[in-house]
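Contents: one structure, followed by commentary.
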Amino acid sequence: MTKPRIAFLGTGWIGRHRMEAILATGLVEAVAVADPSAEMAAEARALAPDAVVLGGLDDILALRPDGVVIATPSALHAEQSIAALNAGAAVFCQKPLGRSADEARAVVAAARAADRLLSVDFSYRFTSGMTRIAELLGGGALGHVHAVDLVFHNAYGPDKPWFYDRAQSGGGCVMDLGVHLVDLALWCLGFPDVENVTSHLFADGEPLGGDAVEDFALATITLAGGTAVRLACSWRAQAGRDADISATFYGREGGAGFRNVGGSFYDFAAERYRGTSSEPLASSSEEWGGRAASDWARRLAAGERFDPRSAELVAVSGVIDRIYGSR
């Protein structure tokens, strides 16, 4: 069997990191890279010397690749994903898949029509800690989960101007960080229906208004069955550390929590709670950032095509829409 031929569109830091993880599987062949920065494209090509450097997506699709990895600004994700899918290529896209549920829905429809594999880089699903918590929840070990507490405070914030332009980003810290939290909650709980969403969004300490994007957000999401999800996320928070990231699930028969260690963006630990006692579920040090990308590569190499679970991507975007719409 021949290896799937993969092209990489957008090769900044995160694009190259995902590229490295995909190539490390040994299951695919890199045929092309493209980035507006010649320096970034050259660094990507160093990972795959046989790949050609191209000018953009049109040039990539002319090669008829089997898959395209997209790591470009958010405003481009939906349009580029649809173009790649319509050309017969599977897609692995950075989050968010679209700036709205309508954009995400259009991408999923294109994947379904083309019968091609579509995945989004919801990388926290692939940490050992969240995998173990999802197993506990799926097996009913915690009983009915009545409350979920989600936090992602980044004391720095993005360093690229497009993140602060709503037309390009689709939103601020909710679109950048909150989308991971929404995905984790819905994924762990089996994607229940969302009954109600309320939110408070701020920019520089003031209620969000005008064309600004939020840098602090609080939201409450009520799920079918009565589960209440509380979400908080921010950029440049007065957090006293680099980052504060956690997901805690409270059930009738116990609890479980996933939390970053020592303010790290990369080290996490997970525990199961029983009253005042806790037990470890997963250690803190592991290489997890590229696992979603390598999972997509393995599935593509195995011949997988459209996955009906891609509809879950629209559900995540729908909650983000409601967070913005309820303010």
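One-based numbering along the sequence shown.
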Only one of P96, C233, P158, S169 forms a side-chain contact (heavy atoms from CB on, under 4.5 Å) with D176, so which one is it? P158
Under the side chain to side chain contact (heavy atoms under 4.5 Å, CB included) rule, what do L281 and L136 come out as? Steps first, then yes or no, please. CA-CA 10 Å; L281 294 174; L136 289 176; 3.8 Å; yes
Any F249 side-chain heavy atom under 4.5 Å of L137 side chain: yes
Quick one: do R298 and D295 make a salt bridge, cutoff under 4.0 Å? no
Identify whether F122 and V194 are in the same connected component of the hydrophobic contact network (ILVMFWY, side-chain heavy atoms under 4.5 Å). yes
Donor-acceptor check, side chain of S317 to backbone of V314, threshold 3.5 angstrom: yes or no? no
May I ask whether M130 and V120 are part of the same hydrophobic cluster, defined by side-chain heavy atoms of I, L, V, M, F, W, Y residues being less than 4.5 angstrom apart, directly or through others? yes
Just one of R18, H180, K95 clears the side-chain hydrogen bond (donor to acceptor under 3.5 Å, both in side chains) bar with D121, so which one? R18
Begin with the C-alpha distance, continue with both residues' side-chain angles, and end with the deciding distance and a verdict on salt bridge (charged side-chain N to carboxylate O under 4.0 Å, His left out) for R274 and E279. CA-CA 8 Å; R274 292 183 174 91; E279 63 183 77; 2.3 Å; yes
From L208 atom CG to E206 atom CD, the distance as rounded to the nearest 0.5 Å: 11.0 Å
H77 backbone acceptor or donor facing S81 side chain under 3.5 Å: yes
Looking at W296 and V91, would you say the former's side chain and the latter's main chain have a donor-acceptor pair under 3.5 Å? yes
Are the side chains of V31 and I6 in touch, meaning some heavy atoms are under 4.5 Å apart? no
Rounded to the nearest 0.5 Å, how far does CG of N260 lie from OG of S246? 7.5 Å
Hphob cluster co-occupancy, L63 + L300, side-chain heavy atoms under 4.5 angstrom: no
Atom CZ of residue position R299 - does it have more than 12 heavy atoms of other residues, nucleotides or ligands inside 6.0 Å? yes
Describe, in one word, how the ring planes of F265 and F152 are oriented to each other, choosing from parallel (under 30°), tilted (30 to 60°) and perpendicular (over 60°). tilted
Is S294 reaching over with its side chain to a backbone N or O of G290, donor-acceptor style, under 3.5 angstrom? yes
Which residues satisfy the side chain to side chain contact (heavy atoms under 4.5 Å, CB included) test with A75, sequence neighbours excluded? R99, Q168
E312 and R309 ion-paired at < 4.0 Å: no
Sequence neighbours left out, what passes salt bridge (charged side-chain N to carboxylate O under 4.0 Å, His left out) with R5? Give chain and number order. none
So, for N86 and A110, which heavy atoms are closest and what is the spacing to 0.1 Å? OD1-CB, 4.0 Å
Give the intermediate values and the outcome of side chain to side chain contact (heavy atoms under 4.5 Å, CB included) for residues T222 and V229. CA-CA 6 Å; T222 306; V229 179; over 6 Å; no
Around atom CG of D58, are there more than 12 heavy atoms from other residues, nucleotides or ligands closer than 6.0 Å? no
Provide the closest heavy-atom pair for S123 versus G289 in the form atom of the first, atom of the second, distance. CB-O, 3.9 Å
Side-chain donor or acceptor of E214 paired with backbone N/O of C173 under 3.5 Å: yes
Side chains of S234 and H153: do they bring a donor and an acceptor to under 3.5 Å? yes
May I ask you to test the R252-L142 pair for a side-chain heavy-atom distance under 4.5 Å? no
Do you know which two heavy atoms are closest between A51 and A30, and how far apart they sit? CB-O, 3.7 Å
Heavy-atom donor-acceptor pair, R116 side chain to G88 backbone, under 3.5 Å: yes
Just how far is it from atom CD of Q94 to atom CD1 of I14, taken to the nearest 0.5 Å? 4.0 Å
Would you check if L118 and L313 make a side-chain contact, meaning some heavy-atom pair closer than 4.5 Å? yes
ILVMFWY network linking L150 to Y250, side-chain heavy atoms under 4.5 angstrom: no
Between E286 and S128, a side-chain donor and acceptor under 3.5 Å: yes
Aromatic rings F202 and H200: how do their planes relate, parallel, tilted or perpendicular, breaks at 30° and 60°? parallel
Scanning both residues in full, the closest heavy-atom pair of L201 with A217 reads CD2-CB, 3.4 Å
Both conditions, 6.0 Å and 45 degrees, for the charged tip of R166 above the ring of Y324: are they met here? yes
Please check if atom CD in E43 has more than 12 non-hydrogen atoms from other residues, nucleotides or ligands closer than 6.0 Å. yes
Is any side-chain heavy atom of I221 less than 4.5 Å from a side-chain heavy atom of V319? yes
Is any side-chain heavy atom of V213 closer than 4.5 Å to one of D215? no
Can you check whether A101's main-chain N or O pairs, donor with acceptor, with D321's side chain at less than 3.5 Å? yes
Ion pair R259/D244, N-O distance below 4.0 Å: yes
With hydrophobic residues grouped by side-chain heavy-atom distances under 4.5 Å, do I60 and F8 end up in a single group? no
If you take all heavy atoms of A41 and V53, which pair is closest and at what distance? CB-CG1, 3.9 Å
Is there a donor-acceptor contact under 3.5 Å from the side chain of D115 to the main chain of F306? yes
What closest approach, in Å, do S285 and D267 show between heavy atoms, and which atom pair accounts for it? CA-OD1, 4.0 Å
What distance do N154 atom CG and W235 atom CH2 have between them, rounded to the nearest 0.5 Å? 9.0 Å
For the residue pair Y124 and F268, categorise the inter-ring angle as parallel (less than 30°), tilted (30 to 60°) or perpendicular (more than 60°). perpendicular
Please, which pairs that meet ring pair (Phe, Tyr, Trp, His ring centres under 6.0 Å) have at least one residue in residues 18-52, sequence neighbours excluded? none
When rounded to the nearest 0.5 Å, the distance separating CG of L9 from OG1 of T72 is 5.5 Å
Would you call D59 and V52 a side-chain contact if the rule is heavy atoms closer than 4.5 Å? no
Just verifying a value: how many Å separate L181 CG and I320 CD1, rounded to the nearest 0.5 Å? 8.5 Å
For R230 and V148, run side chain to side chain contact (heavy atoms under 4.5 Å, CB included): C-alpha distance rounded to whole Å, both residues' side-chain angles, the deciding distance at 0.1 Å, then the answer. CA-CA 6 Å; R230 183 174 63 177; V148 182; over 6 Å; no
Is the shortest heavy-atom distance from the side chain of V182 to the side chain of L231 under 4.5 Å? yes
Could you go through the side chain to side chain contact (heavy atoms under 4.5 Å, CB included) check for M19 and V33 one step at a time? CA-CA 10 Å; M19 179 181 179; V33 299; 3.8 Å; yes
